[in-house]
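Below is one structure, written out as structure tokens; the observations come after it.
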Amino acid sequence: MKKISFFISFLLLIISVDTLKAEINIPLKKYIEEKNIDEGKSQIYLLNRCSAVYTFASAVILKTDPLNSKKFIEIANNLLFKSVELMIINDKEKSEEAKKKAEEERKKLFKNYSVDGKKNWDKNRSYFKGSYISEDMLICSKLVDDK
């Protein structure tokens with residue numbers, strides 16, 4: 001009985017430590033390496049992720065830099081709009097359905113960035129530096145600059 005109890009305790013400890021250090025989103029760099037970004041689904045996901053990271057950045061700087069916060073949210077909304085367009089074209093979705101799906105996906109991804117950003121803040125007093133979030137911002141800024 002003691003062996004079973006020890007094993008269960010050990011397993012729970014490993015799971016909790018892994019959960020604490022794990023990031024919710026995989027870095028976009030890894031996603032791009034593993035997926036064919038010429039596919040519509042991959043492009044839609046990339047646009048949603050970038051929309052979410054710009055929304056997160058906007059929320060982080062809202063109080064300290066409202067002008068850039070507004071610019072970031074405009075970029076986020078443009079990316080989301082492009083995602084909706086692709087859903088309509090590629091997946092033959094109706095406009096309202098595509099919009100709702102994209103907004104829900106951005107909301108979920110934003111929450112993930114918020115959780116991971118908070119973990120990073122607790123670790124090094126930055127929401128971005130030293131995390132995959134800063135790398136995602138860099139990738140997304142290239143996407144925005146290309147348009």
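Just the heavy atoms: all of them, side chains too, but no hydrogens, waters or symmetry mates, feed the values below. Residue numbers start at 1 and run along the sequence shown.
- Summarising the geometry, atom CD1 belonging to Ile26 is positioned 9.5 Å from atom CG belonging to Asp136; distances are rounded to the nearest 0.5 Å.
- Put simply, the side chain of Gln43 gets close to the backbone of Ile37: a donor and an acceptor are under 3.5 Å apart.
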Side-chain donor/acceptor pairs under 3.5 Å, residues 93-102, sequence neighbours excluded:
{"from": "Glu93", "atom 1": "OE2", "to": "Lys101", "atom 2": "NZ", "distance (Å)": "2.7"}

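- Checking side-chain atoms of Asn36 against main-chain N and O of Ser42 turns up no donor-acceptor pair under 3.5 Å.
- Lys71 contributes atom NZ, which lies 8.5 Å from atom CG of Asp65 (distance to the nearest 0.5 angstrom).
- Hydrophobic clustering places Ile61 together with Phe128 (ILVMFWY residues linked when any side-chain heavy atoms are closer than 4.5 Å, directly or through intermediates).
- Residue Cys140 holds its SG atom at 9.0 Å from CG of Leu47, rounded to the nearest 0.5 Å.
- For the pair Ser83 and Ile44, the tightest heavy-atom approach, listed with the atom from each and the gap, is OG-CG2, 3.6 Å.
- The shortest side-chain heavy-atom distance between Leu28 and Cys50 falls under the 4.5 Å cut-off.
- Looking at every heavy atom in both residues, Leu62 comes nearest to Ser69 through CD1-OG, 3.4 Å.
- A heavy-atom distance below 4.5 Å is found between the side chains of Tyr113 and Tyr132.
- Inter-residue side-chain proximity for Lys82 and Leu46 is flagged as unmet; no heavy-atom pair is nearer than 4.5 Å.
- Taking the six-membered ring where the residue is Trp, Phe56 and Tyr127 present perpendicular rings, their angle passing 60° and hence far from 30°.
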Mind running side chain to side chain contact (heavy atoms under 4.5 Å, CB included) on Leu79 and Tyr54 for me, showing each step along the way?
CA-CA 9 Å; Leu79 291 166; Tyr54 270 97; 4.0 Å; yes
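- Exactly one of Glu103, Glu105, Arg106 qualifies for a side-chain contact (heavy atoms from CB on, under 4.5 Å) with Ser51. That residue is Arg106.
- Looking at heavy atoms from C-beta onward, Ile133 lies in side-chain contact with Asp116 at the 4.5 angstrom threshold.
- The CD atom of Glu85 sits 11.0 Å away from atom CG of Leu80, with the distance rounded to the nearest 0.5 Å.
- Under the 4.5 Å side-chain heavy-atom criterion for grouping Ile, Leu, Val, Met, Phe, Trp and Tyr, Val53 is not connected to Phe81 through any hydrophobic cluster.
- Ionic pairing of Asp91 and Lys41 is present here: one or more N-O contacts between side-chain nitrogen and carboxylate oxygen are shorter than 4.0 angstrom.
- Classified by interplanar angle (parallel below 30°, tilted 30° to 60°, perpendicular above 60°), the ring pair Tyr45/Tyr31 is tilted.
- Arg49 and Asn112 share no side-chain donor-acceptor pair at under 3.5 Å.
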Determine, step by step, whether Phe72 and Thr55 satisfy the side chain to side chain contact (heavy atoms under 4.5 Å, CB included) criterion, reporting the C-alpha distance in whole Å, the side-chain angles of both residues, the deciding distance to 0.1 Å, and the verdict.
CA-CA 7 Å; Phe72 282 173; Thr55 303; over 6 Å; no
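- Grouping Ile, Leu, Val, Met, Phe, Trp and Tyr by side-chain contacts under 4.5 Å, direct or through others, puts Val84 with Ile88.
- To the nearest 0.5 Å, atoms CD1 (Ile24) and OG (Ser114) are separated by 9.0 Å.
- Counting all heavy atoms, side chain and backbone alike, Asp122 lies closest to Arg125 at CA-NH1, 4.2 Å.
- The hydrophobic cluster containing Leu109 does not contain Leu138, counting ILVMFWY residues as joined when their side-chain heavy atoms lie under 4.5 angstrom apart, directly or transitively.
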